[in-house]
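Everything on this sheet refers to the single structure shown next.
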Protein chains: 2
Amino acid sequence: MTKTPGKLIPKVPSPKVPSVPGAVSRRAHYSATTKRALIDVAEELFTANGYAGTSLDSIVAGARVTKGALYHHFSGKRAVFEAVFDRVESQAGQTITQALKRQRDPWSRAMAGLEAFLEVVQQPTYRRIVIQDGPSVMGYERFRELEERSTFATMTDIVRALLKAGDWDVDEAMLKTFTTIFFGAMSSAGESVATSDDTAQAAARVEAAIGFLLAGLQGLADRGAAGPSPHVDDEDEPEAAGD
Amino acid sequence: MTKTPGKLIPKVPSPKVPSVPGAVSRRAHYSATTKRALIDVAEELFTANGYAGTSLDSIVAGARVTKGALYHHFSGKRAVFEAVFDRVESQAGQTITQALKRQRDPWSRAMAGLEAFLEVVQQPTYRRIVIQDGPSVMGYERFRELEERSTFATMTDIVRALLKAGDWDVDEAMLKTFTTIFFGAMSSAGESVATSDDTAQAAARVEAAIGFLLAGLQGLADRGAAGPSPHVDDEDEPEAAGD
DNA sequence: GTTCCCACATACTGTGAGTACGTACTGAGA
DNA sequence: TCTCAGTACGTACTCACAGTATGTGGGAAC
């Protein structure tokens with residue numbers, strides 16, 4: 001709506017700039033700017049109205065281009081979403097990584113990570129794009145695949161350090177299982193925090209609950225308890241080879 | 001599956017049956033049958049192709065009616081999805097509740113519930129409709145609202161018993177927080193189990209991991225540790241009244 | 001200056017959700 | 001048995017939106 005038919009892109013009158021080696025061309029710069037504008041607008045609209053509730057027309061209108069531009073830069077609506085997802089995800093990963101830098105002890109690192117994650121997960125953009133729409137739009141497998149490269153990776157490091165601190169050595173599969181559990185717990189908790197009336201208090205409750213779980217683990221570590229090991233009961237899958 | 005393509009709506013030539021008191025009328029029966037057929041087909045197609053990938057035309061074609069029938073019974077596509085969601089959810093809740101009946105001890109009830117949930121969450125229908133598409137299609141709040149009436153409710157009972165067994169008395173908000181955490185952990189774990197190559201072994205790992213966490217809690221309980229309590233640091237919300 | 005081609009714009013198509021309205025059949029009353 | 005009303009659909013449309021085919025203007029290499 002209110003489609004302003006104004007000039008597209010920053011139509012500067014183009015002074016003759018000799019192409020400095022190493023500098024991007026004007027064309028390339030325009031192109032990159034257009035693409036960024038599309039992603040910016042898309043992020044905003046996806047956050048506000050969700051994936052299904054956002055039309056490509058509204059995106060290109062917001063970026064003051066046409067569908068031709070969008071389809072030049074992206075293969076389709078899903079690709080636009082993935083670009084937005086990617087950016088939101090990596091920003092979240094950086095935020096959490098940053099919060100960890102001050103902590104040395106694995107247990108306090110875990111709590112710091114939790115705190116940072118609870119901050120992140122309260123951002124409407126992260127909630128809507130990553131948690132709510134992500135799995136549905138991209139499919140769970142692709143979703144996890146992208147997650148694995150940022151936030152999930154950071155979380156894996158935290159959990160790895162935790163298990164090491166407890167003197168439990170587990171294989172990669174078990175590590176991943178633990179991380180998945182924690183990640184799911186915190187995503188869900190984060191959503192409930194975000195939808196709560198009093199987010200601060202809800203966050204405090206989540207921290208208390210997770211802290212309580214960690215305290216339980218710490219207790220096991222202090223008592224030198226054996227690590228987790230899956231007892232395999234073969235019901236219909238007799239062989240259990242592979243990773 | 002293997003939905004037999006037999007006649008859905010029994011187009012019997014209608015012999016004159018005097019309306020027996022207590023029996024539903026022929027019209028009502030037809031109507032209910034049509035509605036069920038629509039939900040059946042919708043469940044199948046939503047599971048196979050997802051919400052966005054399923055057209056109303058394909059649903060009504062599968063049920064051998066037209067869109068007029070569908071819009072007579074449902075307000076729209078979302079309403080069809082909710083009807084399917086409701087059924088899938090309540091079935092899952094019943095399955096889990098059933099699995100709990102044999103167990104008395106809170107800790108073993110928790111593990112039995114976990115096991116049952118892991119079974120449920122591997123069903124393609126539950127995964128796709130409840131976990132993957134649910135939050136996106138219905139919105140997180142409506143999603144949680146419906147969840148709260150079946151699976152989540154069962155899980156709340158389990159967690160309540162667990163906390164009671166540990167002699168920790170927490171308020172309803174804290175109980176909900178704990179349940180949310182466990183629910184999220186298990187949903188996420190269930191998804192990873194379902195997408196795993198060797199589901200049996202993956203499920204075993206999840207059980208080991210959750211069991212390990214519970215063992216930690218049990219250790220705290222044995223040592224008479226104090227329960228979880230949120231330390232409230234008032235940043236911008238000075239008052240903390242009401243739930 | 002000429003030419004190329006990239007980065008778009010324009011105009012179109014197909015599909016699918018939702019709607020307006022028509023109609024046949026059923027069940028209740030006379 | 002004959003209305004008669006209303007339910008339970010069917011038919012035919014509209015509108016919105018994702019995607020496509022093709023045209024074009026302007027920077028950049030020569």
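Note on naming: letters A, B, ... go to the chains in the order of the sequence lines (proteins, then strands), and numbering restarts at 1 for each one. Computation of the quantities below employed the complete heavy-atom set of this structure, encompassing side-chain atoms and omitting hydrogens, waters and symmetry-equivalent molecules. Predicted model, so just to flag it, every value in this text is computed and none were measured.
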Round to the nearest Å and state the distance from A/Arg78 atom CZ to D/dG19 atom C1'. 14 Å
What distance separates A/Gln122 CD from A/Thr195 OG1, expressed to the nearest 0.5 Å? 10.0 Å
Separation of C/dT15 C1' from B/Asp57 CG (nearest whole Å): 9 Å
Within the structure, does a side-chain N or O atom of A/Thr34 lie under 4.0 Å from either OP1 or OP2 of C/dC8? yes
Is any side-chain nitrogen or oxygen of A/His72 closer than 4.0 Å to OP1 or OP2 of C/dC8? no
My understanding is that only residues two or more places apart in sequence, or in another chain, count here; which of them pass side chain to side chain donor-acceptor pair (under 3.5 Å) with B/Ser55? B/Ser58
CE of B/Met155 to CE of B/Met186, rounded to nearest 0.5 Å, is 3.5 Å
Closest nucleotide of DNA chain D for A/Gly68 versus for B/Ala69: which of these residues is on the 5' side? B/Ala69
Between atom CG in A/Leu70 and atom P in D/dG19, what is the gap in whole Å? 10 Å
Does C/dA7 have OP1 or OP2 under 4.0 Å away from a side-chain N or O of A/Tyr30? no
Separation of D/dC15 atom P from B/Leu56 atom CG, nearest Å, is 19 Å
How would you list all residue pairs meeting salt bridge (charged side-chain N to carboxylate O under 4.0 Å, His left out) that involve residues 68-83 of chain A, not counting sequence neighbours? A/Glu82-A/Arg142
Does C/dT15 have its OP1 or OP2 closer than 4.0 Å to a side-chain nitrogen or oxygen of B/Ser55? no
Please report, rounded to the nearest Å, how far the P atom of D/dT14 is from the OH atom of B/Tyr71. 17 Å
Just call it for B/Ser58: base, sugar-phosphate, or nothing, with non-hydrogen atoms closer than 4.0 Å on any strand. nothing
Interatomic distance, B/Lys77 NZ vs D/dA16 P [rounded to whole Å]: 18 Å
Between B/Phe74 (CZ) and C/dA17 (C1'), how many Å, whole number? 16 Å
Nearest 0.5 angstrom please: A/Arg64 CZ to A/Thr34 OG1, how far? 10.0 Å
OP1 or OP2 of C/dT26 versus the side-chain N and O atoms of B/His29: is any pair under 4.0 Å? no
What about A/Lys67: does its side chain form a donor-acceptor pair under 3.5 Å with the base of D/dG19? yes
Heavy atoms under 4.0 Å, any strand shown: does A/Thr54 hit a base, just sugar-phosphate, or nothing? sugar-phosphate
With a 4.0 Å cutoff (strictly under), does any side-chain N or O of B/Thr66 reach OP1 or OP2 of D/dC9? no
If I take atom CG in residue B/Leu38 and atom P in nucleotide D/dA8, what distance separates them, rounded to the nearest angstrom? 13 Å
